[in-house]
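Report on the following structure.
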Amino acid sequence: MDGDRYHVAELHAGVEPIPIEADPLAALREEFADVDATVDELRDGARDAALNEAGRRTHG
């Protein structure tokens, strides 16, 4: 991380600077190197979790 660039994120508790990696793609690859799920599996899991948190149930 170079520490020179930030994205400003508006959160419930206020505004927070989020550091921008010098090489964002390399940072993502490193972060998810140990994940064995496919993109579709990750997306479906995230969708199901969001729907369940919102109080809705999915069928499938």
Side-chain angles (χ1 to χ4, degrees):
M1 173 170 44
D2 61 13
D4 295 334
R5 297 183 57 201
Y6 292 86
H7 170 76
V8 177
E10 189 172 335
L11 307 173
H12 295 292
V15 176
E16 183 173 329
I18 308 294
I20 297 174
E21 298 285 341
D23 186 350
L25 187 54
L28 283 172
R29 285 184 175 134
E30 182 179 326
E31 183 70 26
F32 292 97
D34 61 344
V35 175
D36 293 327
T38 66
V39 171
D40 289 334
E41 291 168 335
L42 293 171
R43 182 177 38 238
D44 290 346
R47 182 181 299 122
D48 290 345
L51 290 172
N52 285 335
E53 188 171 324
R56 295 171 42 192
R57 298 277 179 213
T58 61
H59 303 288

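Everything numeric in this text was worked out from a predicted model, so none of it was measured.
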Quick check: closest heavy atoms across E16 and L11, and the distance to 0.1 Å?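 Shortest heavy-atom contact: OE1-CD1, 3.3 Å.
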Closest contact, heavy atoms only, P17 versus Y6: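 Nearest heavy atoms, P17 then Y6: CB-CD2, 3.9 Å.
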Do L25 and F32 belong together in a cluster built from hydrophobic side chains that touch within less than 4.5 Å?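 L25 and F32: separate clusters.
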Within one Ile-Leu-Val-Met-Phe-Trp-Tyr cluster: L28 and L42, side-chain cutoff 4.5 Å: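 L28 and L42: one cluster.
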So how far is it from D48 CG to E53 CD, rounded to the nearest 0.5 Å?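 Reported value, rounded in 0.5 Å steps: 13.0 Å.
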Under 3.5 Å: donor-acceptor pair, side chain of E30, backbone of A27: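 No; zero donor-acceptor contacts below 3.5 Å.
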